[in-house]
Amino acid sequence: MNLLYQSTRSNTAPITASQAILKGLAEDGGLFVPESIPALKVSLKELSNMTYQQTAYEVMKLFFTDFTEEELKSCISNAYDEKFDTTEIAPLKEAGGFYYLELFHGSTIAFKDMALSILPHLLTTAAKKNQVTDEIVILTATSGDTGKAALAGFAEVPGTKIIVFYPKDGVSPIQEKQMVTQKGDNTYVVGIDGNFDDAQNGVKAMFNNKALAESLKAKGYVFSSANSINIGRLVPQIVYYVYAYASLLRKGVIAEGEKINVSVPTGNFGNILAAYFAKEMGVPLNKLVCASNENKVLFDFFDTGIYNRKREFILTSSPSMDILISSNLERLLYLAAGRDSEKTLALMNGLSKEGEYVITPEMKANMDGITGGFATEAQTAETIKAVYEKTGYVLDTHTAVGASVYERYKEESSDNTKVIIASTASPYKFTRSVMEAIDPKYGSLGDFELVDELSRISGVSVPAAIEEIRSAKVLHDRVCKTEEMQEVVEGILK
Ligand SMILES: *Cc1c(COP(=O)(O)O)cnc(C)c1O
């Protein structure tokens, strides 16, 4: 049976998975959602004996039904290979009673690699399947991690170009260095004078600009998206929740069918939405904890049912979560409204015109499996320090938000269910904030001195991704104003 994809904003004819991957965003501005969420066909017991790649196939084949077995297996084996520094791909580490699902063993040491290492393969396969001969231009807004992971995934991929926009003053020094040193003739990196939401809005506006699409089409280009709104990113992210549950089963930590909780440091709501999908597929997950930093728009939303983006945008030590417009939440709204696209469209119009929307009590009730929480900068730093001092394990700033929020949830609820904390970045990506949280005395050291010191105190060797940029040359120095993003793109695609 072919599983088709529907826009969240209208009831136009549904399309295949490969078409949805190619388009990224629906023409009406909506996000693609599968017409139903498939149930796992194999038991978790069977899955507990499978490799990451085998698990990926069991999950993805249910969603990407118009890919052949051979195509899908080839995408999977090209993605989850030696680019990852462990054969487990997504290992679990226990520290202080929590199970950290380390999603940062790919080439750019953040969880974005989990999906962006496979997206280029899914996309080029999808292009072939649909007889697309135009060059695919990946247009991406990044809060820091997506950009580098997408650049790494698409660099030198024939038939593609990738253009990344990032907030010039809103990413960590290591994140910026990683991006501006990216090699590959088909890669373009542009800093903008706005924040992540500005970058994301600029990219969305280009996607929705029909005149621009036509003029590019005439030049042999077609846009696609590597942002987490692409279904080709969401689905690969479901895999690691299935794999993590099966790993706990294999290790004898949980019994078959035992429910566990998951805490996810959240920004654009992609990662936690994947956990939600895993739960709907039959993985015994109980509470999903949506952890925010001081940009706590999602906490307020789950608390009150009101989404209000009219607030100050705060730059924090967890920049990949500095977001006030959580794009993927639209998919949850659509599902919680009983797949009502009219309702979803009205809410999204409210967000863009008034800066806020209110959901119905019924919709709110349909979301009660998700609990929001947030951590202040001080709480995040305290958690990094406390976990390090108690266990020797060093958390990055984003993961620390997930752990900090979960600690308080546990205290307040007395819920003693075992928990997986999605560990979304290596501490090496945010070395300065991490080391200063452990001890303020580190403030005086340089970026790479800190890297070496982190290695010394944690006993974890410096990842290749960091070694590479120590001496790498800056290859990209484009900057522009938010209003100039389209001009920049047209300039690149002359
Ligand atoms: C992107 C990112 C997040 C947020 O993930 P979403 O899917 O956008 O919610 C959290 N932590 C890190 C390190 C990230 O790169």
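In listed order, ligands and their atoms are each counted from 1.
Comment: Glu176 engages Lys168 in a salt bridge, judged by a side-chain N to carboxylate O separation of less than 4.0 angstrom. Under 4.0 Å is where a charged nitrogen must lie from a carboxylate oxygen, and between Glu389 and Lys385 at least one such pair does.
Listed as neighbours of ligand 1 are Phe111, Lys112, Asp145, Pro265, Thr266, Gly267, Asn268, Phe269, Gly270, Asn271, Ser320, Met321, His398, Thr424, Ala425, each bearing a heavy atom under 4.0 Å from the ligand.
Between Leu3 and Pro38, the closest side-chain pair of non-hydrogen atoms falls below 4.5 Å.
Glu356 contributes no side-chain N or O that, together with a main-chain N or O of Lys310, makes up a donor-acceptor pair within less than 3.5 Å.
Between the side chains of Gln175 and Lys429, not a single donor N or O lies within less than 3.5 Å of an accepting N or O. Between the side chains of Glu382 and Ser404, no donor N or O sits under 3.5 Å from an acceptor N or O.
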